[in-house]
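First the structure, in the form of structure tokens, and then the observations on it.
Given the structure is predicted, the values throughout are model-derived calculations rather than measurements. Sequential numbering from 1 along the given sequence is applied to the chain's residues.
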Amino acid sequence: MSEQLEANKGIVRDFYNLAVNGQQPEAAVAQYLGPTYRQHNPSAADGPEPLIAFMRDLITRYPMVHIDCKRQVAEGDLVVIHSQLIREPGDRGTAVVDIFRLEHGKLVEHWDVMQEVPASSANDNTMF
């Protein structure tokens with residue numbers, strides 16, 4: 001079972017590396033999305049084409065965009081990835097938690113929450 005969990009984490013990491021860091025959302029969707037894709041982010045519609053358009057828009061607006069995976073947790077058919085999204089060099093970034101559900105090694109469902117990294121904090125801990 002833990003081999004499958006590790007494989008699922010690798011699929012999610014590879015998806016992000018290809019789609020965002022490699023700036024190839026079309027190739028990432030073709031390789032890693034299942035036959036159906038359900039989206040819970042209210043800014044994106046269900047399906048592969050809206051996901052490609054959403055990611056292509058991000059890359060177009062921010063050509064230096066980069067996502068840095070800080071940690072992942074996998075349980076059952078879910079993978080949670082905590083990452084830092086940097087839109088432009090020097091940007092403090094956004095803390096992102098994505099949850100993906102996988103079926104047969106393919107991404108089929110997605111949830112996310114995002115929070116901008118603030119300039120100051122009430123504590124000395126980082127968001128990562």
Side-chain angles (χ1 to χ4, degrees):
M1 182 66 154
S2 70
E3 286 180 23
Q4 185 60 55
L5 295 177
E6 289 303 313
N8 285 350
K9 290 192 309 189
I11 290 164
V12 171
R13 245 187 344 266
D14 292 348
F15 170 75
Y16 265 135
N17 281 329
L18 184 58
V20 179
N21 298 337
Q23 299 194 353
Q24 298 179 56
E26 296 85 355
V29 163
Q31 185 171 350
Y32 296 106
L33 250 64
T36 61
Y37 183 73
R38 187 171 181 184
Q39 178 64 259
H40 295 275
N41 179 323
S43 298
D46 290 341
E49 292 304 321
L51 178 59
I52 291 169
F54 184 85
M55 297 181 103
R56 183 54 62 200
D57 180 61
L58 176 68
I59 292 164
T60 299
R61 286 189 292 137
Y62 304 101
M64 302 293 290
V65 68
H66 179 81
I67 194 156
D68 184 19
C69 173
K70 302 296 186 178
R71 60 192 50 85
Q72 287 182 281
V73 177
E75 180 179 295
D77 61 356
L78 299 175
V79 173
V80 178
I81 183 168
H82 179 215
S83 55
Q84 183 177 18
L85 177 67
I86 303 290
R87 290 181 183 92
E88 300 173 312
D91 180 20
R92 284 189 302 275
T94 303
V96 181
V97 175
D98 288 290
I99 304 168
F100 287 97
R101 187 170 67 80
L102 290 85
E103 285 182 358
H104 310 293
K106 300 291 185 178
L107 307 174
V108 296
E109 196 164 7
H110 172 255
W111 301 258
D112 64 6
V113 291
M114 298 188 278
Q115 181 181 2
E116 295 296 320
V117 176
S120 62
S121 174
N123 59 59
D124 292 329
N125 307 317
T126 70
M127 295 181 75
F128 306 102

Q | side chain to side chain donor-acceptor pair (under 3.5 Å) partners for T94, two or more places apart | A | R87, E116
Q. Would a 4.5 Å heavy-atom cut-off, applied to side chains only, mark V20 and I59 as touching?
A. no
Q) Which heavy-atom pair separates N8 from G76 by the least distance, and what is that distance? A) ND2-O, 4.0 Å
Q) What's the shortest heavy-atom distance between V80 and V97, and which atoms? A) CG1-CG1, 3.7 Å
Q: Please go through M127's hydrophobic cluster and name the other residues, only I, L, V, M, F, W, Y counting, with side-chain heavy atoms under 4.5 Å joining them.
A: V117, F128
**Q.** Approximate separation, where rounding is to 0.5 Å, of T126 OG1 and K70 NZ
**A.** 8.0 Å
Q) Does the side chain to side chain contact (heavy atoms under 4.5 Å, CB included) test come out yes or no for D68 and I86, once each step is laid out? A) CA-CA 8 Å; D68 184 19; I86 303 290; 6.0 Å; no
Q. Should we count CG of N123 as having more than 12 external heavy atoms under 6.0 Å?
A. yes
Q: Give the cluster check for V65 versus L51: same hydrophobic cluster or not, with ILVMFWY residues linked at side-chain heavy-atom distances below 4.5 Å.
A: yes
**Q.** Side-chain heavy-atom pair Y37, K106 within 4.5 angstrom cut-off
**A.** no
Q | Linked, directly or transitively: V96 and L78 (ILVMFWY side chains, under 4.5 Å) | A | no
Q.
Applying a strict under-4.5 Å side-chain criterion to I, L, V, M, F, W and Y, I'd like to know whether M55 and M114 cluster together.
A. yes
(Q) Less than 3.5 Å apart, any donor N or O on the side chain of Y16 or D98 sitting next to an acceptor on the other? (A) yes
**Q.** Shortest non-hydrogen contact between D112 and H110, atoms and distance
**A.** OD2-CE1, 3.4 Å
Q. Atom CG in D46, atom CZ in R38: separation rounded to 0.5 Å?
A. 7.0 Å
Q: Examine W111 and L85 and state if one hydrophobic cluster contains both, with Ile, Leu, Val, Met, Phe, Trp and Tyr joined whenever side-chain heavy atoms are less than 4.5 Å apart.
A: no
Q.
With a 4.5 Å cut-off on side-chain heavy-atom distances among I, L, V, M, F, W and Y, is there a chain of contacts connecting L58 to V12?
A. yes
Q) What pairs with F54 under ring-ring contact (aromatic ring centres under 6.0 Å, His included), at least two apart in sequence or on another chain? A) none
Q: Only pairs at least two apart or in different chains count here, so list each salt bridge (charged side-chain N to carboxylate O under 4.0 Å, His left out) that has a residue in residues 8-24.
A: E6-K9
(Q) Restricting to non-hydrogen atoms, name the atom on G105 and the atom on L102 that form the minimum distance, rounded to 0.1 Å. (A) C-CD2, 4.2 Å
Q. Is there any side chain to side chain donor-acceptor pair (under 3.5 Å) pair reaching into residues 22-36, and which pairs are they, with sequence neighbours excluded?
A. E26-R56
Q: Could you tell me which non-hydrogen atom of V29 sits nearest to which non-hydrogen atom of P48, and how far apart they are?
A: CG1-CB, 3.5 Å
**Q.** Test item: E109 side-chain N/O and I99 main-chain N/O as donor-acceptor pair under 3.5 Å
**A.** no
**Q.** Partners meeting salt bridge (Lys or Arg N to Asp or Glu O under 4.0 Å) with D57 (sequence neighbours left out)
**A.** R61
**Q.** Shortest non-hydrogen contact between S83 and C69, atoms and distance
**A.** CB-CA, 3.9 Å
